[in-house]
Amino acid sequence: MPTVALVLGSGGARGNAHIGVIQVLQEQGFDIVSIAGCSMGSVVGGMYAAGQLPAFTSWVTGLSRFDVFRLVDMSLLSMGAIRGEKAYAVLENLVGDQLIENLPIPYTAVATDLVKQQEVWFQSGPMMDAIRASVAVPGMIMPVTEDDRFLVDGGLLNPVPIMPTVADQADLIVAVNLNTDVAHHPVLQRPNLNSDGHHDEWTAPNAKVSKSQRSHLQWNKMEMLNQCFETMQSTMAKYKMAGYEPDVEIKVDRNECSFFELYRAKEMIEVGRKAALSALQAGHKI
């Protein structure tokens, strides 16, 4: 049975695609022997390592738009607009006070320390503390503050954290990149003058464009911050993966869903399944 060191990248609600990737790896006979993840990748990876991925999947696939709205507990006076306590409570109910060092497989959650401007690898200690730090998108989700550290989303410096798995004894390093441009996006084309002598709206025939991109002139502060973060993540992912190339890269298009669309979990799991099968068939014989 081929062994895999699995790297799960950041990308908000797109991270539910990680569930589909794990399902395919298991179905195809791969043995996941270690996991590194950041942001939503740290959540899904942690749930898998703790043996709670089926329960997590059941919960997240049952979320409606209204359920997600109720989970988003706003805090206008905090350093992050969302406290996240309701969502964290669900995760804590699944994993309890699980310590990373007691997990059956090695697990690394990656965060960023803004004080020292460097990555932080959580490889011991309470899993939920690591997850809280790893998912704290600057300006959107509450950071984790300590006496000498200010911890936020690991995607700020390393959206696809391959380095923690390099020394693992595995046949393959498989990395899931949620910040790619898989689909073809045609350049916007200016149409001909209409009957009134004015240009019609700019068009992009057959382009696969997210709701947030289509309505960029109406972005609110949260949407603008999200787009800034996603733009940075996409660039950082390319830079980091050029230095540490995985054996198999599973690519998920960044336009598949927006950051907070957790209610689309079923769709994203299927996206992850298709992306995993495509990458494995292209790179290695199954």
Side-chain angles (χ1 to χ4, degrees), residues 8-20 37-45 56 59-61 63-75 78-88 90-91 109-112 131-143 152-161 176-183 185 208-237 251-269 271-272 275:
L8 303 179
S10 62
R14 290 192 303 280
N16 284 315
H18 294 320
I19 299 172
C38 69
S39 196
M40 191 62 168
S42 72
V43 175
V44 176
F56 174 80
W59 170 70
V60 77
T61 54
L63 292 176
S64 65
R65 285 174 182 259
F66 182 67
D67 291 330
V68 174
F69 178 76
R70 290 193 302 175
L71 285 172
V72 178
D73 45 351
M74 305 299 290
S75 176
S78 70
M79 289 177 285
I82 300 171
R83 291 191 300 269
E85 293 303 325
K86 295 178 182 178
Y88 293 143
V90 173
L91 301 182
V110 178
T112 300
I131 288 176
R132 281 174 176 264
S134 187
V135 303
V137 179
M140 289 190 281
I141 300 177
M142 275 286 289
V152 296
D153 197 312
L156 188 66
L157 290 179
N158 198 350
V160 190
V176 187
N177 185 354
L178 304 177
N179 298 285
T180 65
D181 190 16
V182 178
H185 303 286
K208 182 179 183 181
V209 182
S210 70
K211 179 179 179 181
S212 60
Q213 288 178 310
R214 289 197 303 270
S215 58
H216 64 276
L217 295 178
Q218 288 80 40
W219 281 347
N220 58 34
K221 181 180 177 181
M222 289 283 285
E223 289 167 335
M224 184 184 69
L225 284 171
N226 178 46
Q227 288 299 317
C228 289
F229 192 68
E230 297 241 313
T231 299
M232 180 203 62
Q233 280 192 125
S234 180
T235 301
M236 288 300 297
K251 299 179 180 181
V252 173
D253 194 287
R254 62 178 175 268
N255 294 300
E256 287 290 354
C257 79
S258 65
F259 189 88
F260 291 110
E261 290 181 322
L262 290 168
Y263 54 86
R264 295 180 58 196
K266 290 182 180 178
E267 296 173 56
M268 290 311 303
I269 290 171
V271 167

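Residue numbers count from 1 along this sequence.
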So do [Y] and [X] actually touch side chain to side chain, heavy atoms under 4.5 Å?
| X | Y | value |
| --- | --- | --- |
| S134 | I131 | no |
| V43 | H18 | no |
| V110 | S42 | no |
| D181 | R254 | yes |

Check your understanding: Got a sec, which residues hit ring-ring contact (aromatic ring centres under 6.0 Å, His included) with F56, two or more places apart in sequence or on another chain?
Key ->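 Once residues adjacent in sequence are excluded, the partners of F56 under the ring-ring contact (aromatic ring centres under 6.0 Å, His included) criterion are W59.
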Taking all non-hydrogen atoms of both residues, which atom of [X] and which atom of [Y] are closest, and how far apart?
| X | Y | result |
| --- | --- | --- |
| V176 | L8 | CG2-CD2, 3.8 Å |
| S258 | A13 | O-CB, 3.5 Å |
| N158 | C38 | O-SG, 3.4 Å |

Check your understanding: Can you tell me if S39 and S10 form a side-chain donor-acceptor pair at under 3.5 Å?
Key ->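 Looking only at side-chain atoms, S10 and S39 do not form any donor-acceptor pair under 3.5 Å.
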Review point. Partners of K266 by side-chain contact (heavy atoms from CB on, under 4.5 Å), sequence neighbours excluded?
Key: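 Counting only residues at least two positions away or on another chain, K266 forms a side-chain contact (heavy atoms from CB on, under 4.5 Å) with T61.
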Exercise for review: Output all residues satisfying side-chain contact (heavy atoms from CB on, under 4.5 Å) with A275, sequence neighbours left out; order by chain, then residue number.
Suggested key: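 Scan of A275 (side-chain contact (heavy atoms from CB on, under 4.5 Å), adjacent residues dropped) gives I250, V252.
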**Study point:** Residue among N16, D153, V135 satisfying side chain to side chain contact (heavy atoms under 4.5 Å, CB included) with M40
**Key:**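 Exactly one pass, corresponding to N16.
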Exercise for review: Any chance you could measure E256, atom CD, to R264, atom CZ, to the nearest 0.5 Å?
Suggested key: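 With rounding to 0.5 Å, CD (E256) is 7.5 Å from CZ (R264).
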Review point. Can a salt bridge be assigned to the pair E267 and R14 using a cut-off of 4.0 Å between side-chain N and carboxylate O?
Key: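 Judged by the 4.0 Å cut-off on N to carboxylate O distance, E267 and R14 do not form a salt bridge.
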